[in-house]
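When a residue number appears, it is its place in the shown sequence, counting from 1.
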Amino acid sequence: MAIVKPFLCIRPEASVASRVAALPYDVYNRMEAKAEVEREPLSFLKIDRAETGFSDDVDTYADCVYDRARELLDGMVKDGTFVKEEAPCYFVYELTMDGRAQTGIVACSSIDDYAGDIIRKHENTRADKEADRIRHVDTCDAQTGPIFLAYRARADINALVSEAKQEEPLYDFTAVDGIRHTVWKIGGREQVTSLEEAFSKIPNTYIADGHHRAASAVRVGFKRREENPGFKGDEPYNFFLSVLFPDEQLMIMDYNRVVRDLNGLTEEEFLKRISADFEVCRKGNEPYRPVKKGEFGMLLSDCWYCLTAKRPLSGDPVADLDVSVLQEQLLEPVLGIGDPRTDKRIDFIGGIRGLDELSRRCHTDMKVAFSMYPTSISELFQVADASRLMPPKSTWFEPKLRSGLFIHKLS
């Protein structure tokens, strides 16, 4: 059963929370991160991406960059920008986008649950991407970016969340991107105990977003254990910062594909080839968004089509994903995209960018685009429960959790 603990949180003082809160470190390149920190000097991005404080000739992964992150964090605690809770607590964190809200619990999850597959995964991680966050967490002695976890909804947890939301929020602000962020504290002893007990009845939680951040936090925890052979298991480094959402509230957006060329085929040859595995229906000039599983939109020469897979579902949780069907029945055999993780002829467009972005790309550097029906949270659970992995770029979660609102110190 899942261990989901309250923790001693460091968080922004209320008057500056909206300025400190930052999108995850990995949504920016170096130039974009630097521009954001210049726009908002209090942005937590200056800690998550401390290279923004150096000239461009300084290596992003230089020792001085991680040391600077630690100095900035310690300085903001010392000057009162961040405040420390006096006792372990939970927080309720609600994000509202376009009128739709999702409400999670901010807590700490166990590195042993991660290692023991109680916390389940659906993506592989890459060592090179982990290395940066391992150094950041270890040097700062803190986890600053929460991991987005999901769980199968429970009425008792929903009731505790609803009760907490009757109180005055700690934070309530709308960020520059239009996302509203509202936070309440659950600090009463009875409520804390009830929530911890309710989570202890959940057999599994699932990483929805943040596989690399989770892996990095866990690696630091086990590193600290090796450095402290007398550890008891309750030390803060045995847990990692997370926000847990009930599955019924989550929305996964489409993750669309664009391809540079038709692999040497004429448009007529291409359409004939794909008609072997898909019903091809011409839709016209208006962008086409699939309305059900097994459907795909396709843009070719300013004309949209609806493609419907002919092959029936197999019962395999990975093979039946729409992203797998498109890859195995069209992208690889027709367009020659063997490994979408490395092939330079394919690119991926998150659903937040809209279908107009597919049209723009087809008018600039791409030849054909595919709009996808979103992967469902139940499909994610099925893949993870089967100890399988999804193809790359299968899910796009919105809205993104902010970094800097909650910090978990490791000692």
Next item on the list: Please answer whether the main-chain N or O of Pro374 pairs with a side-chain N or O of Asp254 as donor and acceptor at a distance below 3.5 Å.
Entry: no
Notebook entry, point to check: Does CZ in Arg189 sit with more than 12 non-hydrogen atoms of other residues, nucleotides or ligands closer than 6.0 Å?
Noted result: no
Item checked: Electrostatic pair Arg152-Glu248, nearest N-O below 4.0 angstrom -> no
Next item on the list: For the residue pair Ser109 and Ser242, confirm or rule out a side-chain donor-acceptor distance under 3.5 Å.
Entry: yes
Margin query: Is the shortest side-chain heavy-atom distance between Asp67 and Thr139 below 4.5 Å?
Written below: yes
Check: Between Glu36 and Lys46, is there a salt bridge with N-O shorter than 4.0 Å?
Finding: no
Item checked: Lys/Arg N to Asp/Glu carboxylate O, Arg402 vs Asp177, below 4.0 Å -> yes
Notebook entry, point to check: Hey, which of Leu244, Val4, Asn204 is the one that makes side-chain contact (heavy atoms from CB on, under 4.5 Å) with Tyr151?
Noted result: Leu244
Check: Would you say the side-chain atoms of Glu235 pair up with the backbone N or O of Lys232, donor to acceptor, closer than 3.5 Å?
Finding: yes
Note to self: A quick test of your reading: do over 12 heavy atoms of other residues, nucleotides or ligands sit less than 6.0 Å from CZ of Arg345?
What the structure shows: yes
Margin query: Strictly distance-based, threshold 3.5 Å: is any side-chain N or O of His211 a donor or acceptor partner for the main-chain N or O of Lys121?
Written below: no
Item checked: Distance-only side-chain donor-acceptor flag, Ser110 / Asn238, under 3.5 Å -> no
Notebook entry, point to check: Relative to each other, are the rings of Phe148 and Phe397 parallel, tilted or perpendicular (30° and 60° limits)?
Noted result: tilted
Check: CZ of Arg361: more than 12 outside heavy atoms within 6.0 angstrom?
Finding: yes
Margin query: I'd like to know if the side chain of Glu40 reaches the main chain of Val37, judged simply by a donor and an acceptor atom lying under 3.5 Å from each other, with no hydrogens or angles considered.
Written below: no
Next item on the list: Answer yes or no: is there a donor N or O on one side and an acceptor on the other, between the side chain of Asn29 and the main chain of Met31, under 3.5 Å?
Entry: yes
Margin query: For Gly315, is there any backbone N or O sitting under 3.5 Å from a side-chain donor or acceptor partner on Asp320?
Written below: yes
Margin query: If the threshold is 4.0 Å, N to carboxylate O, is there a salt bridge linking Glu130 and Arg213?
Written below: no
Next item on the list: Count the heavy atoms of every other residue, nucleotide or ligand shown that sit under 6.0 Å from CG of Asn285, and state whether that count exceeds 12.
Entry: no
Notebook entry, point to check: Between His363 and Asp302, does any side-chain donor sit less than 3.5 Å from a side-chain acceptor?
Noted result: yes
Margin query: Is the terminal nitrogen or CZ of Lys5 (NZ for Lys, CZ for Arg) located under 6.0 angstrom from the six-membered ring centre of Phe239 and within 45° of that ring's axis?
Written below: yes
Check: Taking atom types as modelled, is there a side-chain donor on Tyr288 or Glu295 under 3.5 Å from an acceptor on the other?
Finding: yes
Checklist line | Ser43 side chain to Leu45 backbone, donor-acceptor under 3.5 Å | finding: yes
Notebook entry, point to check: If we only count heavy atoms from C-beta on, is the Lys283 to Tyr305 side-chain gap below 4.5 Å?
Noted result: no
Note to self: Taking Asp113 first and then Arg120, would you say they form a salt bridge - that is, a charged N and a carboxylate O separated by under 4.0 Å?
What the structure shows: no
Check: Does a sphere of radius 6.0 Å around NZ in Lys400 hold more than 12 heavy atoms from other residues, nucleotides or ligands, not counting ones at 6.0 Å or beyond?
Finding: yes
Note to self: With a 6.0 Å cut-off on the ring centroids, do Tyr93 and Tyr171 count as close?
What the structure shows: no
Margin query: Any donor-acceptor pair under 3.5 Å linking the side-chain atoms of Glu94 with those of Thr103?
Written below: yes
Item checked: Residues Ile105, Val92; criterion side chain to side chain contact (heavy atoms under 4.5 Å, CB included); working and verdict -> CA-CA 5 Å; Ile105 301 290; Val92 173; 4.1 Å; yes
Check: Distance only, no hydrogens: is a donor on one side chain within 3.5 Å (strictly under) of an acceptor on the other, for Tyr66 and Asp132?
Finding: yes
Item checked: Among Asp322, Leu326, Leu321, the one residue meeting side-chain contact (heavy atoms from CB on, under 4.5 Å) with Ser324 -> Leu321
Notebook entry, point to check: Any sub-3.5 Å donor-acceptor pair from Arg257's side-chain atoms to Asp347's backbone N or O?
Noted result: no
Next item on the list: Might you confirm whether atom OH of Tyr61 has over 12 heavy atoms from other residues, nucleotides or ligands at distances under 6.0 Å?
Entry: no
Margin query: Under a 4.0 Å threshold between the charged nitrogen and the carboxylate oxygen, would Lys223 count as salt-bridged to Glu226?
Written below: no
Notebook entry, point to check: Within 45° of the six-membered ring axis of Tyr373 and under 6.0 Å from that ring's centre, is NZ or CZ of Arg289 located there?
Noted result: no
Notebook entry, point to check: Considering only heavy atoms from C-beta outward, does the side chain of Leu299 approach that of Phe370 to under 4.5 Å?
Noted result: no
Next item on the list: Please find out if less than 6.0 Å separates the ring center of Phe406 from that of Phe91.
Entry: yes
Checklist line | Residue Lys84 excluded, over 12 heavy atoms near NZ under 6.0 Å | finding: no
Notebook entry, point to check: So does Arg30 pair up with Glu51, basic N to acidic O under 4.0 Å?
Noted result: no
Note to self: Consider side-chain contact (heavy atoms from CB on, under 4.5 Å). Of Ile407, Val220, Leu410, which one does Gln143 pass it with?
What the structure shows: Leu410
Check: Just checking, any donor-acceptor pair under 3.5 angstrom between side chains of Ser314 and Asp316?
Finding: no
Next item on the list: Measure the acute angle between the ring planes of Tyr114 and Phe240, then classify it against the limits of 30° and 60° as parallel, tilted or perpendicular.
Entry: perpendicular
Note to self: Between the side chains of Asp98 and Arg100, is the shortest nitrogen-to-carboxylate-oxygen separation below 4.0 Å, so that they form an ion pair?
What the structure shows: no
Checklist line | Test: Arg219 and Asp138 ion pair at under 4.0 Å | finding: no
Next item on the list: Output yes when Asp26 and Arg133 qualify as a salt bridge under the 4.0 Å nitrogen-oxygen rule, no when they do not.
Entry: no
Checklist line | Side-chain (Thr364) to main-chain (Arg360) donor-acceptor, under 3.5 angstrom | finding: yes
Next item on the list: Verify side chain to side chain contact (heavy atoms under 4.5 Å, CB included) between Ser376 and Ile252, making sure each step is shown before the conclusion.
Entry: CA-CA 6 Å; Ser376 70; Ile252 303 177; 5.8 Å; no
Next item on the list: Could you check Leu250 against Gln102 for side chain to side chain contact (heavy atoms under 4.5 Å, CB included), going step by step and ending with a plain yes or no?
Entry: CA-CA 7 Å; Leu250 295 179; Gln102 59 186 49; 3.9 Å; yes
Note to self: Under a 4.0 Å threshold between the charged nitrogen and the carboxylate oxygen, would Arg70 count as salt-bridged to Asp63?
What the structure shows: no
Checklist line | Test side chain to side chain contact (heavy atoms under 4.5 Å, CB included) applied to Lys201 and Met1, step by step | finding: CA-CA 6 Å; Lys201 299 171 185 175; Met1 295 298 183; 5.6 Å; no
Next item on the list: Take atom CD of Glu227 as the centre, draw a 6.0 Å sphere, and report whether it contains more than 12 heavy atoms from other residues, nucleotides or ligands.
Entry: yes
Note to self: Looking at Asn263 and Val334, would you say the former's side chain and the latter's main chain have a donor-acceptor pair under 3.5 Å?
What the structure shows: yes
